[in-house]
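These notes are about the structure you will find just below.
Residue numbers begin at 1 in each chain, while the letters A, B, ... track the order of the sequences.
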2 protein chains.
Amino acid sequence: MDTNEYEDFLSNLKSYQGNPKCFLLQSLEILHGKWTAKIIFHLLKSESMRFGDLKKAIPAITNTMLTTTLRALEQQEILNRRQYNEIPPHVEYFLTEKGSALLPIFYELWHWGKIYPIENGISE
Amino acid sequence: MDTNEYEDFLSNLKSYQGNPKCFLLQSLEILHGKWTAKIIFHLLKSESMRFGDLKKAIPAITNTMLTTTLRALEQQEILNRRQYNEIPPHVEYFLTEKGSALLPIFYELWHWGKIYPIENGISE
DNA sequence: CTGCATCCCGAGGGATACTG
DNA sequence: CAGTATCCCTCGGGATGCAG
């Protein structure tokens with residue numbers, strides 16, 4: 001973690017006066033969907049995954065939601081779609097640089113959750 | 001950022017095989033509400049705030065949602081409620097240690113959003 | 001000032017079946 | 001294999017009014 005950068009953040013935080021361009025809250029919107037984080041999570045550890053791989057990794061997700069979420073993430077340039085023109089179809093999804101840069105956020109979330117575990121554990 | 005801790009995280013990430021106790025995704029649930037992050041955000045910079053202060057800081061929120069979100073955060077021990085038995089009523093909200101520990105997550109979100117700004121800026 | 005009660009709405013998400 | 005097409009429904013959130 002860059003110390004100067006961190007100071008910058010703190011001073012920005014303190015001086016915030018309702019500024020609409022708030023990086024922080026915008027970033028959070030990226031992760032808002034029910035499945036968004038799970039998909040990014042699996043792509044962070046696997047370089048690239050096919051549609052079916054993601055379905056296997058996240059059994060509860062439906063085709064519709066997987067497609068919808070993937071499309072949304074693609075549009076936000078979090079991930080890319082690589083299509084091989086074969087029969088049967090073969091499509092791979094992988095994080096962009098922007099998507100991979102989410103790793104530190106995931107680390108901090110993990111770290112926080114480890115220190116302050118949730119009592120009412122989430123079942124699924 | 002602790003390097004050993006980070007290595008731990010990476011190895012956990014790689015070896016994840018559908019483990020239901022996923023700190024990462026549980027932590028994310030904390031921030032899911034529409035107003036949750038905004039409230040924490042304002043408390044991070046102000047030590048303590050009254051109900052009315054939060055309403056002024058987040059004009060778009062309704063009484064109902066402010067109350068609901070505050071109660072939820074209180075139950076999760078993110079913040080505490082201090083009530084002064086005065087007329088008129090006087091209540092203050094402030095982050096717990098657990099709540100304050102969210103700061104690094106907010107820093108990383110801010111940092112990421114600064115590097116990769118969102119084109120279709122969020123209006124409000 | 002700080003909230004609760006009530007009623008209401010729509011978007012986000014789910015189920016199922018079908019296709020190139 | 002990798003999706004579309006439809007239809008359906010829950011529930012998170014909004015509006016308004018009242019109360020201690």
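- When the nearest nucleotides of DNA chain C are assigned to B:H90 and A:G33 by heavy-atom distance, the more 5′-ward of the two goes with B:H90.
- Sequence neighbours left out, the pairs with a member in residues 50-66 of chain A that pass side-chain hydrogen bond (donor to acceptor under 3.5 Å, both in side chains) are A:K55-A:N63.
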Under 4.0 Å protein heavy-atom contacts per nucleotide of nucleotides 14-20 of chain D, with B for base, S for backbone only and - for none: SBB---B
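- Taking the side chain to side chain contact (heavy atoms under 4.5 Å, CB included) definition, one finds that A:S48 meets it with A:E92, A:F94, sequence neighbours left out.
- Pairs engaging residues 58-92 of chain A under the ring-ring contact (aromatic ring centres under 6.0 Å, His included) rule: A:Y84-A:H90 [sequence neighbours left out].
- We find the CD1-OG1 distance between A:I78 and A:T36 to be 9.5 Å, quoted to the nearest 0.5 Å.
- Checking the phosphate oxygens (OP1, OP2) of D:dG3, a side-chain nitrogen or oxygen of A:R81 falls inside 4.0 Å.
- Considering CG of A:N80 and CG of A:L43, their distance stands at 11.0 Å, rounded to 0.5 Å.
- A:Y84 comes within 4.0 angstrom of no nucleic acid atom, judged by non-hydrogen atoms across all strands.
- Of all nucleotides in DNA chain C having an atom under 4.0 Å from a heavy atom of chain B, the first and last in 5' to 3' order are C:dC1 to C:dA5.
- Summary of helix geometry: the two end axes of the helix from C:dC1-D:dG20 to C:dG20-D:dC1, each defined by five base pairs via their C1' atoms, are inclined to each other by 60° (rounded to 10°).
- For the residue pair A:Y116 and B:E97, a side-chain donor N or O sits within less than 3.5 Å of a side-chain acceptor on the partner.
- Ring-centre distance between B:Y107 and A:Y6: below the 6.0 Å cut-off.
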